[in-house]
Number of protein chains: 2
Amino acid sequence: MSERVQARWLTTEQQQIWRTFLLGVARIQEHLDADLRRHGLDLAEYEILVCLEESEGRRLRMSELAEAVHQSRSRLTHTVSRMERRGLVARVSCPEDRRGVWAQLTDAGFELLRSAAPSHVESVREVFVEAVDPDDFAALGRAFGRVLSVGRESAD
Amino acid sequence: MSERVQARWLTTEQQQIWRTFLLGVARIQEHLDADLRRHGLDLAEYEILVCLEESEGRRLRMSELAEAVHQSRSRLTHTVSRMERRGLVARVSCPEDRRGVWAQLTDAGFELLRSAAPSHVESVREVFVEAVDPDDFAALGRAFGRVLSVGRESAD
DNA sequence: GAAGAGTGGTTGAAGTTTCAACAAACCCCA
DNA sequence: TGGGGTTTGTTGAAACTTCAACCACTCTTC
């Protein structure tokens, strides 16, 4: 496209990396989803299970959970409802703040997580951790750390 | 969770990088979507426009386009239908292969792309290209290149 | 201690994606 | 030449996400 006054395009190399990145991310998600689907889970649900499992009492307030797994509240409400129907989590109303609701990992949820985790981790390793040269992997950690700090800098 | 027979977990560091990566990706998509939404587009639609714009005659077979933007055929059918309703693309039936359909970028689609591109590129730069140290950025290119080659190796 | 502002979470409808089934056209080969 | 198998793309329903509105509760503040 024609050059405009201030438009700064990316160099060919930057563009290529950017596209490789987009495809790579898609590929990773595909790979992980394919694995988790065999356990009847998707990545979002898996992350919910992990978060709960790691929390005190294996439960978290809906809003905390939403934050942790990077979902909107509304989406989480729906997702948790579905998971509740399947018996993976339970809603427990929170005594201190009666608006509040805990999402509580059930035993069944924990068992499912336990059965899904090994092959999930193996998938992560396969498609990502071991695919990449260790130095590049470390660089990747720094890189995304920087991405996360963008726009937060002045706020700290 | 307890250690099992063969389960190889990630090291703390690997795990941390993995999570940073997941959050970083979410952040990037959020950032880009927020920008594109101001033009009434999302990332998937934008990619469709870009792909078409770069193709011979500004058109592509549906299946080629699906491949290029990494969407299922069905999803692409629906997405293109919506974009067609908005006048951004047109369907043209393909004379050589009468099963085939070209998705053809319209002038309106091109104009929208032209108006959306500068700030989109600026967003990419902001949240990604410039956020990251150049060496790490190059490493990232290598890393995702490797990710893409996993599982294809024996096939080539 | 009650009005107003804010927070936590849900709801239902509209919009989007996925899934399985399908129709039309092509390809091959006898 | 006309089956059978494959490829292309669409369809409609089910599943999921988004969006705006909403209720119930808490936190001020006067």
Side-chain angles (χ1 to χ4, degrees), chain A residues 25-26 29-49 51-52 55 59-86 88-104, chain B residues 25-26 29-30 32-48 51-52 55 59-86 88-104:
Chain A
V25 168
Q29 284 176 346
E30 213 168 76
H31 189 80
L32 299 185
D33 265 346
D35 172 68
L36 286 174
R37 191 153 42 249
R38 296 184 295 124
H39 300 274
L41 289 170
D42 63 22
L43 200 49
E45 293 167 329
Y46 182 84
E47 280 176 351
I48 288 174
L49 294 179
C51 272
L52 292 179
S55 301
R59 57 177 149 68
L60 228 41
R61 290 282 297 263
M62 291 296 281
S63 51
E64 295 168 332
L65 183 54
E67 174 86 9
V69 301
H70 223 84
Q71 294 192 18
S72 71
R73 292 206 187 155
S74 177
R75 179 180 173 188
L76 187 66
T77 293
H78 290 298
T79 306
V80 165
S81 298
R82 286 189 298 269
M83 294 175 80
E84 195 176 20
R85 251 175 265 138
R86 294 202 272 153
L88 304 176
V89 299
R91 271 184 241 252
V92 179
S93 75
C94 170
E96 296 120 41
D97 182 345
R98 290 193 305 160
R99 294 168 301 184
V101 172
W102 279 321
Q104 167 81 53
Chain B
V25 168
Q29 284 177 348
E30 213 168 75
L32 299 185
D33 266 344
D35 171 67
L36 286 174
R37 192 153 37 252
R38 296 184 294 124
H39 300 274
L41 289 170
D42 63 24
L43 199 47
E45 293 167 330
Y46 181 83
E47 281 176 351
I48 288 173
C51 272
L52 293 178
S55 303
R59 57 178 148 69
L60 230 39
R61 289 283 296 265
M62 290 296 280
S63 52
E64 296 169 332
L65 184 53
E67 174 86 7
V69 301
H70 222 84
Q71 294 192 17
S72 71
R73 297 220 183 134
S74 177
R75 179 178 175 190
L76 187 67
T77 292
H78 290 299
T79 307
V80 165
S81 298
R82 288 190 296 271
M83 293 175 80
E84 195 175 21
R85 250 175 266 137
R86 293 201 273 152
L88 304 177
V89 299
R91 271 185 240 251
V92 178
S93 74
C94 170
E96 298 120 41
D97 181 345
R98 290 191 306 159
R99 294 168 303 183
V101 172
W102 279 322
Q104 167 80 54

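Below, chains carry the letters A, B, ... as their sequence lines are ordered, and counting in each starts from 1.
When each of Leu65(B), Thr77(B), Ile48(B) is checked for a side-chain contact (heavy atoms from CB on, under 4.5 Å) with Gln71(B), only Ile48(B) meets the rule. No option in Glu67(B), His70(B), Met62(B) other than Met62(B) meets the side-chain contact (heavy atoms from CB on, under 4.5 Å) test with Leu76(B).
Nearest heavy-atom pair, Leu52(A) versus Ala103(A), reported as atom, atom and distance to 0.1 Å: CD2-O, 3.4 Å. Across every non-hydrogen atom of Ser55(A) and Cys51(A), the tightest pair is OG-O, 2.7 Å. Taking every heavy atom of both residues into account, Val101(B) and Cys94(B) meet most closely at N-CB, 4.2 Å. Of all non-hydrogen atoms in Ala44(B) and Arg75(B), the two that sit nearest each other are CB-NH2, 3.7 Å.
Residue-to-nucleotide proximity on DNA chain C shows that, of Arg37(A) and Trp102(A), the 5′-proximal contact is made by Trp102(A). Comparing Ser63(B) and Ala44(A) against DNA chain D, the residue whose closest nucleotide sits nearer the 5' end is Ser63(B). Each of Asp97(A) and Gln71(A) was matched to the nucleotide of DNA chain D holding its nearest heavy atom; the match closer to the 5' end belongs to Gln71(A). Toward the 5′ end of DNA chain C lies the nearest nucleotide of Arg99(A), the other residue of the pair Arg99(A) and Ser74(A) mapping further downstream.
As judged by a 4.0 angstrom heavy-atom cut-off over every strand, Arg73(B) is placed among the base-contacting residues. Among the heavy atoms of the strands lying under 4.0 Å from Arg82(A) is at least one base atom, whether or not backbone atoms are also near. As judged by a 4.0 angstrom heavy-atom cut-off over every strand, Thr79(A) is placed among residues touching the sugar-phosphate backbone only.
The shortest side-chain heavy-atom distance between Gln29(A) and Leu32(A) does not fall under the 4.5 Å cut-off.
Close approach of DNA chain D to chain A, defined as any atom under 4.0 Å from a non-hydrogen atom of the protein, starts and stops at dC16(D) to dT26(D). Of all nucleotides in DNA chain C having an atom under 4.0 Å from a heavy atom of chain A, the first and last in 5' to 3' order are dG6(C) to dG12(C).
Although no hydrogens or angles enter the test, the distance criterion places no donor-acceptor pair under 3.5 Å between the side chain of Glu45(B) and the main chain of Met83(B).
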